[in-house]
Amino acid sequence: MVGKLKLALFMLVSLLLTSSVQSQTCMNHTFTDNKVFTSCRDLPHLTSYLHWTYDQATAKLDMAFRHAGINASDRWVAWAINPNNNLDSAMVGAQALVAISESGGAPRAYTCSVQGYSTQLAEGNISYPHSGLTATRQNSEITIYATLTLPNGTTNLVHLWQDGPLSASIPSQHQLATSNLQAKEILDLL
């Protein structure tokens with residue numbers, strides 16, 4: 001009986017420690033270039049994290065989107081805002097920041113306005129003025145950095161994130177697993 005009690009106690013403590021560590025993933029992250037953000041969120045799907053500083057007076061959103069678990073070298077990741085604030089059809093109309101990670105080099109970052117579900121994430125302009133768009137890869141994690149200027153008065157937004165394979169350096173469709181389809185939410189910037 002004592003052995004079973006010790007085992008149950010050990011399992012409970014392990015579970016609490018694991019859950020505590022997982023819930024603090026973004027808070028414990030240190031960026032290699034010493035960037036600091038005032039807020040962060042462990043995103044609920046696809047092992048991703050969002051870090052940001054939002055200046056409501058200027059409507060500037062300084063952000064870093066981290067996507068872990070990218071073990072293959074030929075992958076793309078993206079983070080986007082849906083300017084229509086429509087959570088149900090968040091992908092259509094999304095203004096995306098995309099990073100393509102190919103073998104033997106740093107990821108290439110660019111913008112893309114997503115027009116439909118069969119997109120290949122073609123490079124193009126987005127509706128938000130932006131600066132500082134870059135991407136890095138460290139081990140199995142890709143990070144996209146940028147500063148976006150949002151419409152005045154923005155306090156929350158619909159955002160989405162995704163990853164997928166490359167085919168001849170062109171983004172292919174992401175998986176349609178539940179975690180991919182649910183990789184979207186309303187974000188309170190304040």
Side-chain angles (χ1 to χ4, degrees), residues 18-19 21-27 29 39-52 54 61 63-102 107-128 130 133 135-137 139-146 148 150-151 154-189:
T18 301
S19 126
V21 167
Q22 288 176 342
S23 69
Q24 297 178 12
T25 304
C26 74
M27 295 178 74
H29 185 75
S39 302
C40 72
R41 174 153 169 67
D42 295 349
L43 300 176
H45 304 284
L46 303 179
T47 322
S48 298
Y49 314 91
L50 184 65
H51 302 257
W52 74 93
Y54 182 56
L61 175 67
M63 53 76 60
F65 167 72
R66 298 173 35 233
H67 192 316
I70 304 295
N71 296 317
S73 58
D74 294 338
R75 300 287 293 175
W76 62 266
V77 302
W79 179 82
I81 299 172
N82 181 297
N84 301 320
N85 272 340
N86 187 339
L87 192 58
D88 294 329
S89 61
M91 186 174 158
V92 176
Q95 305 297 291
L97 308 177
V98 181
I100 291 180
S101 180
E102 297 179 284
R108 180 175 71 88
Y110 65 89
T111 58
C112 170
S113 181
V114 179
Q115 300 305 311
Y117 291 108
S118 61
T119 184
Q120 290 184 317
L121 297 176
E123 188 169 352
N125 295 327
I126 61 172
S127 61
Y128 300 106
H130 63 280
L133 177 58
T136 61
R137 181 182 184 121
N139 301 320
S140 65
E141 184 173 280
I142 295 175
T143 304
I144 299 173
Y145 299 94
L148 301 167
L150 304 177
T154 302
T155 58
N156 60 54
L157 50 83
V158 169
H159 74 121
L160 54 155
W161 57 98
Q162 205 53 252
D163 73 85
L166 292 176
S167 175
S169 300
I170 297 172
S172 296
Q173 182 177 355
H174 62 75
Q175 291 182 359
L176 298 176
T178 301
S179 59
N180 293 84
L181 298 176
Q182 292 181 354
K184 58 186 178 179
E185 67 178 9
I186 297 172
L187 178 69
D188 181 354
L189 294 170

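In what follows, residues are counted from 1 in the order of the sequence shown.
- Scanning for side chain to side chain contact (heavy atoms under 4.5 Å, CB included) contacts around Ile170 gives Gln120, with sequence neighbours left out.
- Partners of His67 under the side-chain hydrogen bond (donor to acceptor under 3.5 Å, both in side chains) rule, at least two apart in sequence or in another chain, are Asp163.
- A donor-acceptor contact shorter than 3.5 Å is absent between the side chain of Asn139 and the backbone of Glu141.
- In this structure Gln182 satisfies the side-chain hydrogen bond (donor to acceptor under 3.5 Å, both in side chains) test with no other residue, sequence neighbours excluded.
- Residues satisfying the side-chain hydrogen bond (donor to acceptor under 3.5 Å, both in side chains) test with Asp188, not counting sequence neighbours, are none.
- With sequence neighbours excluded, no residue forms a salt bridge (charged side-chain N to carboxylate O under 4.0 Å, His left out) with Arg137.
- The salt bridge (charged side-chain N to carboxylate O under 4.0 Å, His left out) pairs that include a residue from residues 79-99 number zero, where partners must be two or more places apart or lie in different chains.
- Under the rule for a side-chain hydrogen bond (donor to acceptor under 3.5 Å, both in side chains), the partners of Asn86 that lie at least two apart in sequence or sit in another chain are Ser89.
- A donor-acceptor pair is defined here as one N or O able to donate and one able to accept, closer than 3.5 Å; such a pair exists between the side chain of Trp76 and the backbone of Pro165.
- With sequence neighbours left out, Ser140 forms a side chain to side chain contact (heavy atoms under 4.5 Å, CB included) with Asn71.
- Checked against disulfide bond (SG atoms under 2.5 Å apart), Cys40 has the following partners two or more places apart in sequence or in another chain: Cys26.
- A heavy-atom distance below 4.5 Å is found between the side chains of Ile100 and Leu166.
- Under the 3.5 Å distance criterion, the side-chain polar atoms of Lys184 are left unmatched by any main-chain donor or acceptor of Val158.
- Under a 3.5 Å cut-off, the side chain of Tyr128 and the backbone N or O of Ile81 do not form any donor-acceptor pair.
- Evaluation of the side chain to side chain contact (heavy atoms under 4.5 Å, CB included) rule for Gln115 yields Ser113 as partners, not counting sequence neighbours.
- Residues Leu61 and Leu189 form a side-chain contact, since some pair of their non-hydrogen atoms from C-beta on lies under 4.5 Å apart.
- Not counting sequence neighbours, the partners of Ala64 by the side chain to side chain contact (heavy atoms under 4.5 Å, CB included) test are Phe31, Phe37, His51, Thr143, Tyr145.
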